[in-house]
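Reviewing the structure listed below.
Chain naming here is simple, since letters A, B, ... match the order of the sequence lines and numbering starts at 1 in each.
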There are 2 protein chains.
Amino acid sequence: MAQDKVTSVDVARLAGVSQSAVSRYFTPGSSVSKKTAEKVREAAKTLGYRPNILARSLITGRSRMIGLVVAYLENYFYPEALEKLSTALQAEGYHVLVFMASQTAGNIDDVLAEILDYQVDGIIMASAALSSELSTRCQAAGVPVVLFNRRQDDPSLTAIGSDNVAGARALADFLIAAGHERIAHIAGWEGASTQRDREAGFREGLAAAGRELYARELGNFEPETAREAARRMFDRPGRPDAVFVANDHMAFFVMDVLRFELGLSVPDDVSVVGFDDVPPAAWPAYSLTTVRQRANRMVEETVSALLELIENPGADAKQIALEAPLIVRKSARKPEGWAS
Amino acid sequence: MAQDKVTSVDVARLAGVSQSAVSRYFTPGSSVSKKTAEKVREAAKTLGYRPNILARSLITGRSRMIGLVVAYLENYFYPEALEKLSTALQAEGYHVLVFMASQTAGNIDDVLAEILDYQVDGIIMASAALSSELSTRCQAAGVPVVLFNRRQDDPSLTAIGSDNVAGARALADFLIAAGHERIAHIAGWEGASTQRDREAGFREGLAAAGRELYARELGNFEPETAREAARRMFDRPGRPDAVFVANDHMAFFVMDVLRFELGLSVPDDVSVVGFDDVPPAAWPAYSLTTVRQRANRMVEETVSALLELIENPGADAKQIALEAPLIVRKSARKPEGWAS
DNA sequence: CTGAAAGCGCTAACAT
DNA sequence: ATGTTAGCGCTTTCAG
């Protein structure tokens, strides 16, 4: 049988103090005498009392919950981010309320409305964009939002991500230096800022060498679509000798099509490079040359930006693009004389 | 500037009805006249009002939040489970509050206490076990708990998982039928029920054929430990000709040590089998023969068991061990005449 | 069907 | 430092 909930009143009664004394004991920074504290501590312990966070939040206006909107956990960049975000926030006394939402399912707005219903202190958008209407609503509700791994052309929105342009540019430079002639691209979903920035940076690198994309297919960040893109791109004469796949997640499927369906050698026949540096990229079966998104740094910046916004609602929005280093492994031919 | 929060009182005033009428309008199953409903709907819309779930929960005693305790998102079984659980719960009007906790870090008890502070309606333990003290506390607080992918010897605890014993047994039968002579095991963390059940089932299969484990090392469910275990086990004469690695996550690292460090062929020199059937197991670079945990079914059962417990606190606990089918791929030699 | 009133468990003035 | 009081925003009797 579910025992009755024990409240601060019960504790107060047992301890022989007022209910506010109990509240004070559990409120950091409140002043209670040693004597009272001891009585409360004891009574609370025997009763197994702990403050009701929800009741507290009703009056303080802080729920100590952060809404996290996330979509594709199949892209292993996100589980990693989720784990780190959750742990970091937990260390600060916050907890993550998860909302699954896919951009394409078009339910973002509903989901965001629900989040707001829970009176979260802040929101992290780790997938999908914010309609300007919702953005306004959050603003109105006084709930700060930070975009994780995406950005929007709205200077009032805080966004933390990598320098996708520079990262992809480095990939292009690397491929060109290695002497590749027919350089292609398998793109992710074009609604994503990461895709647009990566492609822009990559093209910029090609252009700087007086080159352009030899071929381009759409992979949409989805395994099956990426596989089909790879087949269309490579199963014909005059195939590319290098391909930049817009993220590692797709790159694995592309590599597998090349090696196991088409019998091509990577990197001897074709070089493959990706973006993100998710854990499997380092697995020897792939050994993918890619650009690292520094998840730890991204999480740190996201958490600190969010807490800053929560504590200081007037704080300025900021956009951060972290440096994203090239990670050279074996899936792409290296330029001559490249230090191993 | 953060606009003042709009409450039901504001809506009532604008609509020219009582505050209770507003509440009723937003409470499913309450009776409001068409006329009132319309007035409220309109007023709420122009004000952008939505009920405060936290305030509601204070009186109803239901927060519509489920606490999810999870540890290792690097094992790709869990992101998948998390995504599906969250989506399924969302569809039922619940949301997931995430708590990262590692068994080994020993902070489970603190974490669970925190969860309870949030007045969650239920708890899913997707990692780590429950001390009997905490179990009692949850019971006392009237918060139902369901164990996901683990079980404890406590018939009062609801637990949803796979039939690890039978699954591993099938693996042993398969390996023996294929004529393997020196069959080894790389174990996961021995504190986990999954590990104990899998090993027991595997040994049972060997015993039924009058055999026993040729070698055994501890991988602890950790990549580096698993790699070392593989090196110790295989980098010497008289190495095993087959190995059951306790989960897919470790099996990938073991395969890579065998193939890329020791130059062995899988499955020609050694057969490798795993457990879980996480997505990369199907990637051609691994093509791992394994046992499938049916994540969808597990999630369905978990959600329905939890909701049942929430709605009907007197409901009996149940333990479910879902059938876990053998998935034959290419990482292990097949018995002669095995239907491809 | 509707409004008035009570109160969920807590914190935050306000006195003392 | 402590107790008293007044709500936080909502649901739920209770009258009418």
Side-chain angles (χ1 to χ4, degrees), chain A residues 2-41 43-44 47-65 116-121 141-143, chain B residues 2-41 43-44 47-65 116-121 141-143:
Chain A
Q3 200 170 289
D4 262 353
K5 280 206 153 53
V6 21
T7 75
S8 57
V9 177
D10 302 323
V11 176
R13 191 176 314 132
L14 179 60
V17 298
S18 77
Q19 182 272 334
S20 353
V22 178
S23 170
R24 283 193 190 96
Y25 173 75
F26 283 100
T27 307
S30 259
S31 41
V32 222
S33 70
K34 281 222 148 61
K35 212 178 208 158
T36 322
E38 186 49 32
K39 285 193 281 189
V40 173
R41 208 188 50 70
L47 260 34
Y49 168 81
R50 305 205 98 213
N52 179 331
I53 295 201
L54 268 31
R56 169 184 290 170
S57 79
L58 201 53
I59 172 113
T60 61
R62 306 228 148 286
S63 63
R64 305 213 68 94
M65 296 193 293
L116 261 12
D117 295 349
Y118 279 91
Q119 314 297 119
V120 296
D121 293 343
V143 180
Chain B
Q3 200 172 290
D4 262 353
K5 279 203 155 47
V6 20
T7 75
S8 57
V9 177
D10 302 322
V11 176
R13 191 176 312 133
L14 179 60
V17 298
S18 76
Q19 181 270 335
S20 345
V22 177
S23 169
R24 284 194 189 95
Y25 173 77
F26 283 100
T27 307
S30 258
S31 41
V32 222
S33 70
K34 283 222 147 60
K35 211 178 208 160
T36 319
E38 186 49 32
K39 286 194 281 189
V40 174
R41 208 190 50 69
L47 260 35
Y49 168 82
R50 304 204 100 214
N52 178 331
I53 295 202
L54 269 31
R56 168 183 291 170
S57 79
L58 202 52
I59 174 115
T60 61
R62 305 229 150 287
S63 63
R64 306 213 66 96
M65 297 193 294
L116 260 12
D117 296 348
Y118 278 90
Q119 313 298 117
V120 296
D121 293 343
V143 179

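Residue B:Thr36 is in sugar-phosphate contact alone, with no base atom involved, counting any heavy-atom pair closer than 4.0 Å across all strands shown. Heavy atoms of B:Val22 sit nowhere under 4.0 angstrom from any nucleic acid atom. Nucleic acid contact for B:Val9: none, since no nucleic acid atom lies under 4.0 Å from a heavy atom of the residue.
Of the residues listed (A:Lys35, A:Lys34, A:Arg41), the one engaging A:Glu38 in a salt bridge (Lys or Arg N to Asp or Glu O under 4.0 Å) is A:Arg41, and it is the only one.
Contact annotation: A:Ser23 side-chain N/O to C:dA12 OP1/OP2 distance is not under 4.0 Å. Look at A:Ser31 and you'll find a side-chain N or O under 4.0 angstrom from OP1 or OP2 of D:dA1. At the phosphate of D:dC10, OP1 or OP2 sits under 4.0 Å from a side-chain N or O atom of B:Ser8. Within the 4.0 Å cut-off from OP1 or OP2 of D:dC8, not a single side-chain nitrogen or oxygen of A:Ser57 is found. For the OP1/OP2 pair of D:dT2 and a distance below 4.0 Å, the side-chain nitrogens and oxygens of A:Tyr25 include no atom meeting the criterion.
Taking every side-chain heavy atom of A:Tyr49 into account, C:dC10 is the closest of C:dT11, D:dC10, C:dC10. Residue B:Ala55 has its side chain nearest to D:dC10 when only D:dG3, D:dC10, D:dG7 are considered. For A:Ser20, the listed nucleotide lying nearest its side chain is D:dT4; candidates were C:dC10, D:dT2, D:dT4. Which of C:dT11, D:dT11, C:dT2 sits closest to the side chain of B:Val32 comes down to C:dT2. Closest contact between the side chain of A:Ser18 and the listed nucleotides D:dG3, D:dG7, D:dC10 involves D:dG3. Side-chain proximity of B:Thr27 to C:dC10, D:dT12, D:dG9: nearest is D:dT12.
Between the side chain of A:Ser63 and the backbone N or O of A:Gln119 there is at least one donor-acceptor pair closer than 3.5 Å.
Taking atom CD1 of B:Ile59 as the reference point, atom P of C:dG9 lies 9 Å away to the nearest angstrom. Separating the CG atom of A:Leu54 from the P atom of D:dC8 is a distance of 18 Å, rounded to the nearest angstrom. For the pair A:Gln19 CD and D:dG3 C1', the interatomic distance rounds to 10 Å; values are reported in whole Å. Rounded to whole Å, atom P of D:dA1 lies 15 Å from atom NZ of A:Lys39. Summarising the geometry, the separation between CD1 on A:Ile53 and P on C:dG9 is reported as 16 Å, rounded to the nearest angstrom. Distance, A:Asn52 CG to D:dC10 P: 17 Å, rounded to whole Å. A:Leu58 places its CG atom 17 Å from the P atom of C:dG7, with the value rounded to the nearest Å. A:Phe26 places its CZ atom 15 Å from the P atom of C:dA12, with the value rounded to the nearest Å.
DNA chain C is contacted by both A:Thr7 and A:Arg24; A:Thr7 maps to the nucleotide lying nearer its 5′ end (nearest heavy atom per residue).
Closest of all the heavy-atom pairs between A:Leu54 and B:Tyr118 is CD2-O, 3.5 Å. Contact detail for A:Ala21 and A:Thr36: the closest heavy-atom pair is CB-CG2, 4.1 Å.
For the pair B:Tyr25 and B:Val11, the minimum side-chain heavy-atom distance is 4.5 Å or more. Here the side chains of A:Arg64 and A:Arg56 are not in contact, with every heavy-atom distance at 4.5 Å or above.
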